[in-house]
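Numbers here simply count residues along the sequence, with the first being 1. Just so you know, these numbers come straight off a predicted model, no measurement behind them.
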Amino acid sequence: MKTLLIDMDSVICNLMSEWHKRYNEDYNDDLSVDKLLCWRSEDYVKAECGEKIYDYLDEPGLFLHLEPLPYAIDVLKRLCNHYDVLIVTSSRTYAYTEKELWVEKHLPFIGKRNLIFSHRKEMIRGDLLFDDAPHNLVAFSKTGRTAVAMSYEYNQQVDVPRVSNWLEFEKWLSTWK
């Protein structure tokens, strides 16, 4: 059975909307994911914020209340019948515990025992990585394995198959060999 490595943030759950909402409220701005043309969020915020944009990722409660992306849970349930599914994510501070709780709540059929925290996803044994981060997609592709991008403006320069939602990913998988 093939193993799918699935990222959490902006692939399974909607991190960007909540993250940007908190920033926008504090800085009276209108940042949104479609405005990010590269991975470096600090390039798109007001100068007085800069790299402090990442401090929001350390706020207790941020990850615990994220909404699943449309169809993510339904498709993952179906995929678990045909693949080994591992959730692979990276984290800062409070997010470790919150991500475990999120998986237990929304993905009990996968469970936190299938949750792997790593900044180097290419080191994890799996046949396919479904992710949004350009550096993860590139590094995983260099191993000769398949990387698929959840397509966002900030990862358009990465030459991998891309999908814009979970139903497209499921359809793409049906043709993957």
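- Checked against ring pair (Phe, Tyr, Trp, His ring centres under 6.0 Å), Phe117 has the following partners two or more places apart in sequence or in another chain: Tyr96.
- Summarising the geometry of Lys2 relative to Lys177, their closest heavy-atom pair is NZ-C, 3.0 Å, with the distance given to 0.1 Å.
- Clustering ILVMFWY residues whenever any of their side-chain heavy atoms sit less than 4.5 angstrom apart, transitively, puts Val138 in a cluster other than the one holding Tyr154.
- Partners of Ser118 by side chain to side chain donor-acceptor pair (under 3.5 Å), not counting sequence neighbours: none found.
- Take Gln157 and apply the side chain to side chain contact (heavy atoms under 4.5 Å, CB included) test, not counting sequence neighbours, and it matches Pro134.
- Checking side-chain atoms of Thr175 against main-chain N and O of Trp172 turns up a donor-acceptor pair under 3.5 Å.
- Counting only residues at least two apart or in different chains, side chain to side chain donor-acceptor pair (under 3.5 Å) contacts with residues 73-86 comprise Arg78-Glu170.
- Transitive grouping of hydrophobic side chains (ILVMFWY, heavy atoms separated by less than 4.5 Å) brings Ile110 and Leu4 into a common cluster.
- Legend: residues meeting side chain to side chain contact (heavy atoms under 4.5 Å, CB included) with Ala95, ordered by chain and number and at least two apart, are Phe63, Ser91, Lys99.
- Taking Glu18 as the reference, Lys21, Arg22, Leu62, Leu66 meet the side chain to side chain contact (heavy atoms under 4.5 Å, CB included) condition, with sequence neighbours excluded.
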Inset, instruction - With side chain to side chain donor-acceptor pair (under 3.5 Å) as the test, would you mind laying out the steps for Arg120 and Asn136 before giving the verdict? - result: CA-CA 7 Å; Arg120 297 206 42 216; Asn136 290 330; over 6 Å; no
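- Under a hydrophobic-cluster definition in which Ile, Leu, Val, Met, Phe, Trp and Tyr are linked whenever side-chain heavy atoms come within less than 4.5 Å, directly or via other members, Leu5 and Leu79 are assigned to different clusters.
- By the 4.5 Å heavy-atom criterion applied to side chains, Thr3 and Leu128 are not counted as neighbours.
- Nearest heavy-atom pair, Ser90 versus Lys121, reported as atom, atom and distance to 0.1 Å: N-CE, 4.4 Å.
- The structure places CG of Asp131 at 10.5 Å from CE of Met150, a figure rounded to the nearest 0.5 Å.
- In the hydrophobic cluster analysis, where Ile, Leu, Val, Met, Phe, Trp and Tyr join through side-chain heavy atoms closer than 4.5 angstrom, Leu101 is grouped apart from Leu15.
- Put simply, CD on Glu67 and CD1 on Ile12 are 14.0 Å apart, with the number rounded to the nearest 0.5 Å.
- Residues forming a side chain to side chain contact (heavy atoms under 4.5 Å, CB included) with Val103 (at least two apart in sequence, or on another chain): Met8, Leu107, Leu115.
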Inset, instruction - Dump the intermediate steps for side-chain contact (heavy atoms from CB on, under 4.5 Å) on Asp9 and Thr89, then the final yes or no. - result: CA-CA 7 Å; Asp9 305 326; Thr89 189; 3.8 Å; yes
Tell me which donor-acceptor pairs under 3.5 Å the side chains of residues 44-53 have, and how far apart each pair is, sequence neighbours excluded?
from: Tyr44; atom 1: OH; to: Leu37; atom 2: N; distance (Å): 3.1
from: Tyr44; atom 1: OH; to: Cys38; atom 2: N; distance (Å): 3.1
from: Lys46; atom 1: NZ; to: Tyr27; atom 2: O; distance (Å): 2.8
from: Lys46; atom 1: NZ; to: Asn28; atom 2: O; distance (Å): 3.2
from: Lys52; atom 1: NZ; to: Glu48; atom 2: O; distance (Å): 3.0

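- Every residue two or more places apart in sequence or in another chain was checked for a ring pair (Phe, Tyr, Trp, His ring centres under 6.0 Å) with His20, and none qualifies.
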Legend entry - Test log, rule side-chain contact (heavy atoms from CB on, under 4.5 Å), inputs Leu129 and Ile124: CA-CA 10 Å; Leu129 173 67; Ile124 301 169; over 6 Å; no
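- At a threshold of 4.5 Å between non-hydrogen side-chain atoms, the residues Asn165 and Leu69 do not count as touching.
- To the nearest 0.5 angstrom, Ile6 atom CD1 is 9.0 Å from Leu86 atom CG.
- Each salt bridge (charged side-chain N to carboxylate O under 4.0 Å, His left out) pair with one or both residues in residues 23-32, not counting sequence neighbours, appears once here: Asp30-Lys35.
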Inset, instruction - Walk me through it: do Trp19 and Leu57 pass the test side-chain contact (heavy atoms from CB on, under 4.5 Å)? - result: CA-CA 7 Å; Trp19 182 20; Leu57 299 175; 3.9 Å; yes
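- One finds the CD1 atom of Ile87 at 9.0 Å from the CG atom of Asp7 (value rounded to the nearest 0.5 Å).
- Residues Tyr152 and Leu137 are members of separate hydrophobic clusters, defined by side-chain heavy-atom contacts under 4.5 angstrom among Ile, Leu, Val, Met, Phe, Trp and Tyr.
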Inset, instruction - For side-chain contact (heavy atoms from CB on, under 4.5 Å), just list the numbers for Ser41 and Leu36, CA-CA rounded to whole Å, side-chain angles, deciding distance to a tenth of an Å, and then say yes or no. - result: CA-CA 7 Å; Ser41 293; Leu36 301 179; 4.0 Å; yes
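- In this structure, Leu64 and Trp102 approach most closely via the heavy-atom pair O-CD1, 3.5 Å.
- Residue Val160 comes nearest to Ala147 through the heavy atom pair CB-O, 3.4 Å, listed as atom of the first residue, atom of the second, then distance.
- Counting only residues at least two apart or in different chains, ring pair (Phe, Tyr, Trp, His ring centres under 6.0 Å) contacts with residues 121-149 comprise Trp39-His135, Phe130-Trp166, Phe130-Phe169.
- Listed by first and then second residue, the side chain to side chain donor-acceptor pair (under 3.5 Å) pairs involving residues 139-148 are Thr143-Arg145, Thr146-Trp176 (not counting sequence neighbours).
- Considering all non-hydrogen atoms of both residues, His106 and Pro68 come closest at ND1-CG, 3.7 Å.
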